[in-house]
Amino acid sequence: MTPTATASANTNIALIKYWGKADESLTIPTTSSLSLTLDDTWTTTTVCFDGGSAGEDAVTINGSSPSGTELARVSRFLDLVRGVAGQSAKASVTSASTVPLAAGLASSAAGFAALAAAASRAAGLDLDDRALSRLARRGSGSAARSIFGGLVLWNAGTDDETSYAEPVEAALDLAMVVVVVSGRHKTIGSTQAMRETMRTSPLYPAWVASSRQDLSVALAAVRSGDLPRLGEVVEANALGMHAAMLTSRPGIMYWLPRTVEVLHTVRALRDEGLPAWATIDAGPNVKVLTQGSSAEQVAAALRERVPGAAVSLRHPGAGVRSGEAVS
Ligand code: 2P0
């Protein structure tokens with residue numbers, strides 16, 4: 001029988017960001033990062049080492065077959081798995097995401113976490129979660145974190161062995177409101193953008209130094225259950241990352257006018273006493289960290305004040321699992 005395996009993983013949003021690699025070939029980041037895995041953001045992937053098609057890996061993602069760099073990235077990842085498992089058969093890979101593109105949550109994090117789990121099992125490897133996290137990292141840095149549910153710390157480490165994610169115990173009731181202001185495809189991908197930021201932004205070293213401090217503050221806030229303290233450092237860390245991008249040469253600007261409008265709205269909600277703190281990734285959309293018990297109210301306020309934006313609510317979600325996702 002041809003070895004086949006299916007696995008599912010949710011996406012995650014960084015609270016303290018990963019932006020830059022100390023080692024590109026191994027995806028060792030310059031800083032450790034902290035994230036929240038979201039519910040209902042599954043990617044489900046099936047891998048079968050059946051020889052692929054026409055002597056190549058055959059890949060289908062959401063019904064279409066990628067070519068060029070996207071296909072090469074998946075094939076390179078499968079080469080890693082084949083190398084560890086000591087086999088050479090090409091594979092058929094089918095991957096589907098349950099998140100509509102318009103939700104602004106499409107990500108390589110869920111994709112490579114699910115691929116790492118499915119491919120390693122199909123290749124006969126029995127990896128524990130830490131080893132899976134290290135493997136997923138090689139596909140896409142943020143995928144290392146999607147192996148685990150809830151709050152997750154990715155230890156930057158210094159080499160392949162020491163750079164892995166792990167779950168963080170939290171006594172906080174967290175939720176994330178996602179505000180999509182544009183479904184437009186990103187202008188520059190994260191991998192390239194972080195490379196350019198590191199190479200050309202005079203603010204990058206300062207961001208690295210402050211991000212390390214931000215992580216200590218965030219972890220202390222999580223330990224003591226202090227959501228306002230966590231929220232403040234989360235928003236500051238994202239703004240700092242974008243400040244470094246903006247001061248790259250040429251500047252990398254993911255924000256649209258509506259992005260800034262949402263940032264102001266989130267501040268206004270805070271002034272009115274609601275728990276709401278913004279974070280932004282490599283795109284124009286805003287994710288708002290809030291308390292689970294206030295999340296409906298925050299989402300309703302954002303729907304009312306940012307007309308035309310698609311606003312959805314997510315709670316903490318589970319880590320990678322074998323087989324199809326069950327929500
Ligand atoms: C993060 N992002 O921590 C940061 C914040 C986007 C902004 O991780 O080059 O797709 O594949 O390792 O994981 C997006 O970067 O980059 C990302 P690669 P990845 O979530």
Side-chain angles (χ1 to χ4, degrees), residues 9-38 41 43 69-70 72-74 76-77 80 97 104-116 133-148 151-157 160 163-165 168 176 178 185-199 201 204 207-208 211-212 214-215 218 233-246 248 252-255 259 278-287 289 314:
N10 276 313
T11 195
N12 71 79
I13 301 297
L15 303 180
I16 300 297
K17 305 296 189 187
Y18 144 56
W19 197 252
K21 297 177 182 71
D23 182 324
E24 282 229 6
S25 63
L26 290 172
T27 317
I28 309 299
T30 52
T31 59
S32 298
S33 55
L34 179 71
S35 61
L36 184 66
T37 299
L38 304 185
T41 57
T43 292
T69 46
E70 207 180 346
R73 195 169 173 182
V74 173
R76 257 201 324 271
F77 185 79
L80 267 179
S97 167
L105 289 167
S107 85
S108 56
F112 276 103
L115 180 62
S133 174
R134 287 172 44 212
L135 177 62
R137 190 197 77 231
R138 305 287 297 273
S140 189
S142 52
R145 302 185 307 232
S146 271
I147 299 302
F148 301 97
L151 275 178
V152 178
L153 171 68
W154 174 15
N155 302 288
D160 179 48
S163 188
Y164 56 84
V168 174
M176 196 74 88
V178 184
H185 208 267
K186 43 175 114 164
T187 42
I188 169 171
S190 316
T191 307
Q192 181 65 18
M194 63 177 83
R195 197 181 285 144
E196 291 305 315
T197 309
M198 281 185 79
R199 199 171 63 82
S201 170
Y204 185 74
W207 181 76
V208 167
S211 201
R212 288 181 179 143
D214 291 347
L215 180 63
V233 76
V234 164
E235 188 168 305
N237 185 263
L239 293 177
M241 178 183 74
H242 283 271
M245 290 184 203
L246 287 164
S248 299
I252 297 165
M253 196 185 308
Y254 284 113
W255 297 5
T259 310
T279 187
I280 308 173
D281 294 302
N285 302 318
V286 183
K287 290 101 183 186
L289 179 68
R314 307 283 164 170

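Counting starts at 1 for both ligands and their atoms, following the listed order. This is a predicted model, so every value here is computed, not measured.
- Residue contacts with ligand 1 for Ser140 involve both N, CA, C or O and side-chain atoms from C-beta outward (heavy atoms, distance under 4.0 Å).
- At a 4.0 Å heavy-atom cut-off, ligand 1 does not touch His242 at all.
- The shortest heavy-atom distance from Arg145 to ligand 1 is under 4.0 Å.
- Every N/O-N/O distance between Ser33 and ligand 1 stays at or above 3.5 Å.
- Checking side-chain atoms of Arg137 against main-chain N and O of Leu26 turns up a donor-acceptor pair under 3.5 Å.
- Ligand 1 has no nitrogen or oxygen under 3.5 angstrom from a nitrogen or oxygen of Trp19.
- Heavy atoms of Arg73 found under 4.0 angstrom from ligand 1 belong exclusively to the side chain.
- Residue contacts with ligand 1: Met241 is placed with no nitrogen or oxygen under 3.5 Å of a nitrogen or oxygen of the ligand (distance criterion only).
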Step-by-step ring-ring contact (aromatic ring centres under 6.0 Å, His included) determination, Trp154 to Tyr18: CA-CA 9 Å; Trp154 174 15; Tyr18 144 56; 4.8 Å; yes
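- Residue Thr27 places no N or O, backbone or side chain, under 3.5 Å from any N or O of ligand 1.
- At a cut-off of 3.5 Å, with distance as the only test, a side-chain donor of Lys17 or Thr279 sits close to an acceptor on the other residue.
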Side chain to side chain donor-acceptor pair (under 3.5 Å) evaluation trace for Thr197 with Trp19: CA-CA 9 Å; Thr197 309; Trp19 197 252; 3.1 Å; yes
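- Proximity of a side-chain donor or acceptor of His242 to a complementary backbone N or O of Asp281 within less than 3.5 Å is detected.
- Every atom of ligand 1 is numbered from 1 in the order shown, and the set under 4.0 Å from a heavy atom of Ser190 is 14 (C), 15 (O).
- Proximity to Gly141 (heavy-atom distance under 4.0 Å) selects the following atoms of ligand 1: 11 (O), 12 (O), 13 (O), 18 (P).
- In terms of polar-atom proximity, Asn12 is not counted as a contact of ligand 1, lacking any N or O under 3.5 Å from an N or O of the ligand.
- Counting the atoms of ligand 1 from 1 in the order shown, those under 4.0 Å from a heavy atom of Ser108 are 10 (O).
- Side-chain atoms of Asn155 do not come within 3.5 Å of backbone N or O of Ala165 as any donor-acceptor pair.
- Residue Lys17 has no nitrogen or oxygen atom sitting less than 3.5 Å from a nitrogen or oxygen atom of ligand 1, judged on distance alone.
- The backbone N or O of Ile280 lies less than 3.5 Å from no partner atom in the side chain of Tyr254, so there is not a single donor-acceptor pair.
- We find that Arg73 and Glu70 are not joined by a salt bridge, their nearest charged nitrogen and carboxylate oxygen being 4.0 Å or further apart.
- Checking side-chain atoms of Asn10 against main-chain N and O of Thr41 turns up a donor-acceptor pair under 3.5 Å.
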